[in-house]
Amino acid sequence: MKLVNTLIALTLTTATAATEELIKGRRLDDALVAPEELFDDYAGKKGYGDYAGKKGYGDYAGKKGCSDDYSGKKGYGDYSGKKGYGDYAGKKGYDGECYEPDIDTCVTGKKGSYVNGKKGSGRGKGNWNIELPDYGDSCVICDKQNKNKPTELILQYMADGQNSAFQPAGKATCREGDYPEIARIVVDETYVYEIEDGDMFKIFPSGANTYFEIVPTGPAVFDDDINCYIHTSCSVPIVVGDQIGPFLVVGDDECEPPEEPECPSCEVCDTGRPEMLTLKYNSAGVNSEYQPEKKASCRAGMYPASTMLTVEGDTFDVVDGTTFTITPQFGSFSAETDFKFSAASDMDCYIHTSCSVPIVPGDQIGPFEVIGDEDCPPPPDRCIEAEIGVGDDGETIVTVTFDYANLTPDRKWAENCDSRDDDCPDFDLTPLPSDWVGFYPCEDKNMEPIGFSREPSFWAYTCYDRNCRRDPPESATSDATIVFDDDTMPSFGTAPTGSYKSIAQIEAAGGGCYVVLLNKIDGFSAPPYYNLCEGNEIMFPDKSG
């Protein structure tokens with residue numbers, strides 16, 4: 001036996017000097033053939049050179065050894081079985097080195113011809129320096145470099161299917177298209193879910209593919225059930241935020257789902273797709289809190305200050321602050337509602353209106369602020385608004401705009417009546433010179449037993465710069481814009497008078513949330529004072545440091 005080994009080793013050395021090419025799966029070159037009486041001419045499944053067969057020949061061990069000198073599954077000597085050593089190529093080699101040091105993504109050659117066994121140390125036939133997909137800030141559940149197969153996946157069902165950015169058609173047959181809004185989903189013939197458009201559910205992958213049977217159960221007509229699969233073995237990426245057909249990847253046990261936005265007090269989609277939608281145009285576009293870029297192409301940025309908008313067959317002439325109402329052209333809003341800008345066609349965009357993602361009053365989607373629909377009517381207009389700013393001297397100022405000449409009982413107000421007061425809420429809403437603007441900490445809304453039942457932090461009459469309390473009633477300032485500034489505020493409404501504070505003192509104490517009120521000078525047992533209008537909240541900066 002030792003003689004055979006020596007003879008073959010010498011033959012191999014001579015042959016290698018004559019030719020460097022390794023031959024795979026063909027009859028051996030004459031120079032490489034060892035004497036016939038020692039073993040057959042052909043190698044096994046994936047041999048090279050004087051090949052190691054999957055099942056060895058002659059005196060050499062294959063998968064099941066054939067002599068006492070050689071072991072079974074893992075042979076020794078010059079020839080190996082399934083996992084060879086010495087001169088034989090392993091099943092999957094690994095890359096030798098990166099040719100470009102600045103690229104850190106060396107990729108393994110899929111079937112390299114290596115000098116060693118299953119995990120050889122030469123250069124593979126595969127590609128080097130392949131850049132990984134751009135995942136952005138998304139959490140990657142797994143991919144080729146991280147084959148940590150998920151044991152569970154959280155998905156969100158989306159009736160408007162999309163093609164995956166990472167799973168091609170050969171790996172995932174769940175593709176773009178319309179899916180039923182209400183359906184029964186059977187996963188891997190095991191788990192059953194009754195879901196609607198936008199619902200989240202958890203699956204438990206167990207194989208390379210996870211199979212879905214989607215059975216329509218709602219009113220929409222589909223000819224057949226829909227059957228498709230997604231890839232879950234990680235040879236292609238599974239990435240949070242990617243949508244694979246109707247399934248948006250939300251997370252797994254490692255990539256936790258993002259925190260849900262705070263539940264809105266009213267949601268347009270509570271009762272299905274809206275029948276109408278009231279929007280407010282703002283040329284300074286912002287990103288929606290509820291509709292991601294994949295669902296709404298209207299994003300942050302500057303839009304025309306004035307333009308003609310065409311949407312659902314209607315045209316609107318809009319400027320900053322214009323409110324308009326859209327209705328579906330063909331009976332129901334589609335998944336996407338398109339907006340076309342006459343002043344800048346490159347800014348044409350869409351928002352999502354099929355309700356697989358929320359439509360929430362107060363949310364702004366690009367340049368369009370959602371005001372409401374038939375179920376979420378627009379809130380009453382505020383008769384007073386405040387805005388934080390910075391004066392010429394660098395100090396904080398507050399600009400207040402009010403207009404309350406024609407108040408009605410359904411206005412936005414504090415509703416802080418004393419239960420003993422027969423005149424509240426039916427007190428006179430007519431503007432008077434003694435009416436005043438005050439700022440309260442936001443927590444004063446929830447004071448017990450009555451909201452805002454203490455003096456404001458600072459205040460001024462509606463005439464602002466003087467005491468106009470006893471002026472003639474007809475001289476009342478019912479609409480104006482005034483600027484609260486420590487340098488110009490009348491002394492009776494700010495520090496160091498009584499319990500009042502200056503803006504600088506509020507900021508030195510940590511700043512925080514304040515709300516502006518328009519009040520009358522009297523009340524049942526003031527404070528609280530009769531409230532004419534409740535305004536918005538503002539945030540004073542923290543300058544305590």
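Predicted, not measured: the structure shown is a model, and the values here were computed from it. Hydrogens, waters and symmetry mates play no part in the numbers below; they use all other heavy atoms, side chains included. Starting from 1, each residue takes its place in the sequence as its number.
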Tell me whether the rings of [X] and [Y] are parallel (<30°), tilted (30 to 60°) or perpendicular (>60°).
X: F368; Y: F324; answer: perpendicular
X: Y500; Y: W459; answer: perpendicular
X: Y464; Y: F484; answer: perpendicular

Pair [X], [Y]: side-chain N/O donor-acceptor within cut-off below 3.5 Å:
X: D197; Y: Y179; answer: no
X: Y514; Y: D444; answer: no
X: E336; Y: T353; answer: no

Within the distance-only criterion (no hydrogens, no angle test), does the side chain of [X] pair as donor or acceptor with the backbone N or O of [Y] below 3.5 angstrom?
X: N287; Y: A300; result: yes
X: T322; Y: V319; result: yes
X: H352; Y: A335; result: yes
X: D348; Y: F341; result: yes
X: S283; Y: A305; result: no
X: R382; Y: G535; result: yes
X: R454; Y: G451; result: no
X: T494; Y: S491; result: no
X: E213; Y: V215; result: no
X: T307; Y: A343; result: yes

In the structure I gave you, are the side-chain heavy atoms of [X] and [Y] within less than 4.5 Å of one another anywhere?
X: T481; Y: V400; result: no
X: S297; Y: I351; result: no
X: K445; Y: E534; result: yes
X: T477; Y: P433; result: no
X: F439; Y: V398; result: yes
X: S354; Y: S334; result: no
X: K202; Y: Y191; result: no
X: D486; Y: Q505; result: no

| Stepwise side chain to side chain contact (heavy atoms under 4.5 Å, CB included) test for I195 and I185 | CA-CA 7 Å; I195 64 173; I185 296 183; 3.0 Å; yes

Should the pair [X]-[Y] be classified as a salt bridge under the 4.0 Å nitrogen-to-oxygen rule?
X: R420; Y: D418; value: yes
X: R466; Y: D471; value: yes
X: D160; Y: K295; value: yes

| field | Derivation of the side chain to side chain contact (heavy atoms under 4.5 Å, CB included) call for E395 and I503 | value | CA-CA 9 Å; E395 298 300 324; I503 295 174; over 6 Å; no

| request: Would you sort out whether Q167 and I238 count as a side chain to side chain contact (heavy atoms under 4.5 Å, CB included), showing the intermediate values? | output: CA-CA 8 Å; Q167 298 204 5; I238 305 173; 3.7 Å; yes

| message | Using the rule given for side chain to side chain donor-acceptor pair (under 3.5 Å), can you reason through N282 versus Y303, listing the C-alpha separation, both sets of side-chain angles and the distance that settles it, and then say yes or no? | response | CA-CA 8 Å; N282 298 301; Y303 291 78; over 6 Å; no

Whether over 12 other heavy atoms sit under 6.0 Å from [X] [atom1]:
X: D392; atom1: CG; answer: no
X: D178; atom1: CG; answer: no
X: E387; atom1: CD; answer: no
X: N406; atom1: CG; answer: no

| query | Which residue, Y530, Y529, Y461, F458, forms the ring-ring contact (aromatic ring centres under 6.0 Å, His included) with W436? | reply |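 Testing W436 for a ring-ring contact (aromatic ring centres under 6.0 Å, His included) against Y530, Y529, Y461, F458 leaves exactly one candidate, Y529.
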
If I take atom [atom1] from residue [X] and atom [atom2] from residue [Y], how far apart are they, to the nearest 0.5 angstrom?
X: K501; Y: S457; atom1: NZ; atom2: OG; answer: 5.5 Å
X: I203; Y: L153; atom1: CD1; atom2: CG; answer: 5.0 Å
X: L517; Y: C533; atom1: CG; atom2: SG; answer: 9.5 Å
X: L518; Y: T462; atom1: CG; atom2: OG1; answer: 7.5 Å
X: I384; Y: N536; atom1: CD1; atom2: CG; answer: 8.5 Å
X: E275; Y: T327; atom1: CD; atom2: OG1; answer: 10.5 Å

| request: Please test V286 against E369 for side chain to side chain contact (heavy atoms under 4.5 Å, CB included), starting from the C-alpha separation and ending with a verdict. | output: CA-CA 9 Å; V286 300; E369 180 184 347; over 6 Å; no

| task | Mind running side chain to side chain donor-acceptor pair (under 3.5 Å) on Q364 and S288 for me, showing each step along the way? | result | CA-CA 5 Å; Q364 187 170 329; S288 167; over 6 Å; no

Of the non-hydrogen atoms in [X] and [Y], which two are nearest, and what is the gap between them?
X: D428; Y: L532; result: O-CD2, 4.4 Å
X: S164; Y: R175; result: N-NH1, 4.4 Å
X: I538; Y: A386; result: CG2-O, 3.6 Å
X: P150; Y: D252; result: CB-OD2, 4.0 Å
X: L407; Y: C383; result: CD2-CB, 3.9 Å
X: A159; Y: P180; result: CB-O, 4.1 Å

| query | Do Y229 and F247 have ring centres separated by under 6.0 Å? | reply |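 Not under 6.0 Å, so no.
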
